[in-house]
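All figures in this text were calculated on a predicted structure; none of them were measured in a lab. Positions are given from 1, in the same order as the sequence printed here.
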Amino acid sequence: QPIMDIMGEKPKCTGAEALIRWNSTELGFISPAEFIPILEEDGTIREVGEWLLNAALAQAALWRKENPDFVISVNVSYIQMLQPGFREMVTRILEESQTPAQSLILELTESCKVSDPNRLQDDFEYFKNLGIKMALDDFGTKYSSIALLRKLKPQLIKIDHTFVRSIQDDE
């Protein structure tokens, strides 16, 4: 999904968000809201997340040849971040793909309640210190809180459309 800068003289693609989709030959389109919790529950989120990050950074490397400032956003789940070796996996794939850290945004999705906010805060600080931007995705849909915002201090907050859809009509 492209990220566009429309404020300049002419619109310009400055980045993209890697979106994972599943279109089964037997079942048709399956929403990530359906299959991601299954991946988290059975532990395969680690392998799928690693594959997605590899694929996203490889594609972004090609696009950065045309636009060196190109940035790629990749969703990660809290369960995925809790997996042993998550930090090392991200840094290894960054190095292998020769991607500058500032060209990556990790977006934490709101798939489950944060049971260890201190650990998550440590992860956010670790990645921010490397130069990776940290974002909260779909903020306001499930377990978000202002307290979590204060603790994590993300550089980006993506507020879910359901939260602001009727902002002009609803007091």
Side-chain angles (χ1 to χ4, degrees), residues 1-5 13-22 32-33 35-37 39-40 43-64 67-161 163:
Q1 178 171 309
I3 298 171
M4 303 294 294
D5 177 359
C13 184
T14 59
E17 180 177 355
L19 301 176
I20 189 166
R21 298 293 182 255
W22 182 13
F35 70 82
I36 295 293
L39 296 174
E40 290 174 335
T44 54
I45 190 70
R46 179 187 184 112
E47 290 82 15
V48 172
E50 185 171 350
W51 169 83
L52 178 62
L53 186 59
N54 260 312
L57 292 180
Q59 182 60 56
L62 297 174
W63 288 330
R64 269 196 321 284
N67 176 2
D69 297 327
F70 190 88
V71 174
I72 189 78
S73 293
V74 178
N75 289 347
V76 295
S77 77
Y78 176 61
I79 299 297
Q80 191 178 355
M81 289 182 78
L82 289 176
Q83 301 273 327
F86 178 76
R87 290 179 182 184
E88 294 79 9
M89 181 264 299
V90 171
T91 54
R92 175 181 50 78
I93 294 173
L94 269 175
E95 289 171 10
E96 288 172 356
S97 66
Q98 299 179 350
T99 300
Q102 64 271 18
S103 296
L104 176 61
I105 299 171
L106 291 178
E107 297 187 13
L108 179 66
T109 57
E110 260 196 287
S111 57
C112 64
K113 188 172 183 180
V114 173
S115 60
D116 189 351
N118 291 327
R119 162 107 184 255
L120 190 57
Q121 181 183 24
D122 288 346
D123 285 339
F124 265 53
E125 287 301 317
Y126 173 83
F127 288 120
K128 284 194 273 187
N129 288 335
L130 286 178
I132 296 170
K133 285 192 177 135
M134 297 301 296
L136 289 179
D137 192 17
D138 293 335
F139 187 78
T141 56
K142 290 186 182 176
Y143 303 103
S144 303
S145 72
I146 298 299
L148 190 60
L149 277 181
R150 188 177 310 148
K151 190 165 201 63
L152 298 180
K153 298 176 181 76
Q155 289 109 322
L156 300 164
I157 302 167
K158 294 173 66 178
I159 299 172
D160 189 72
H161 69 93
F163 192 70

Between Leu94 and Leu57, does the side chain to side chain contact (heavy atoms under 4.5 Å, CB included) criterion hold? Intermediate values first, please. CA-CA 7 Å; Leu94 269 175; Leu57 292 180; 4.2 Å; yes
For the CD atom on Gln98, are there more than 12 heavy atoms of other groups (residues, nucleotides or ligands in this structure) within a distance under 6.0 Å? no
Would you say the side chain of Leu104 lies within less than 4.5 Å of the side chain of Leu53, judging by non-hydrogen atoms? yes
Carefully, step by step, assess Leu108 and Leu106 under the rule side chain to side chain contact (heavy atoms under 4.5 Å, CB included). CA-CA 6 Å; Leu108 179 66; Leu106 291 178; over 6 Å; no
Which heavy atom of Met134 sits nearest a heavy atom of Lys128, and at what distance? CG-CG, 3.9 Å
Salt bridge (Lys or Arg N to Asp or Glu O under 4.0 Å): which pairs involve residues 70-82, sequence neighbours left out? none
Contacts of Thr44 that satisfy side chain to side chain donor-acceptor pair (under 3.5 Å) - sequence neighbours left out: Asp42
Tell me the closest heavy-atom pair linking Leu52 and Ala18, and the distance in Å. CD1-CB, 4.3 Å
Contacts of type side chain to side chain contact (heavy atoms under 4.5 Å, CB included), residue Ile105, not counting sequence neighbours: Val71, Ser73, Glu107, Lys133, Ala135, Leu156
How long is the gap from CD1 on Ile20 to CG on Asn75, to the nearest 0.5 Å? 10.0 Å
Gln83 CD to Glu50 CD distance, which is reported to the nearest 0.5 Å: 11.0 Å
Sorted by chain and number, sequence neighbours left out, side chain to side chain donor-acceptor pair (under 3.5 Å) with Glu96 holds for Arg92
Taking only residues two or more places apart in sequence, or in another chain, which ones meet Phe35 in a ring pair (Phe, Tyr, Trp, His ring centres under 6.0 Å)? Trp22
Can you list the steps and then say if Gln59 with Ile72 is a side chain to side chain contact (heavy atoms under 4.5 Å, CB included)? CA-CA 9 Å; Gln59 182 60 56; Ile72 189 78; over 6 Å; no
Sub-4.5 Å side-chain heavy-atom contact between Phe86 and Asp123: no
Could you tell me the separation between the CD atom of Glu47 and the CD atom of Gln80, rounded to the nearest 0.5 Å? 10.0 Å
Pro37 to Pro32 - nearest heavy-atom pair and separation: CD-O, 3.7 Å
What is the distance from atom CD of Glu88 to atom CD1 of Ile93, rounded to the nearest 0.5 Å? 12.0 Å
Output all residues satisfying side chain to side chain contact (heavy atoms under 4.5 Å, CB included) with Pro2, sequence neighbours left out; order by chain, then residue number. Met4, Cys13
Gln1 and Leu19 have their tightest heavy-atom pair at OE1-CD1, 3.1 Å
Under the side chain to side chain contact (heavy atoms under 4.5 Å, CB included) test, residues paired with Leu130 that sit two or more places apart: Thr91, Tyr126, Phe127, Ile132
With sequence neighbours excluded, tell me which residues meet side chain to side chain contact (heavy atoms under 4.5 Å, CB included) with Arg64. Ala60, Ala61, Phe70, Thr99, Pro100, Ser103
Test side chain to side chain contact (heavy atoms under 4.5 Å, CB included) on Glu40 and Leu82 and set out the steps. CA-CA 11 Å; Glu40 290 174 335; Leu82 289 176; over 6 Å; no
Taking atom CE of Met89 and atom CZ of Arg46, what is their separation to the nearest 0.5 Å? 7.0 Å
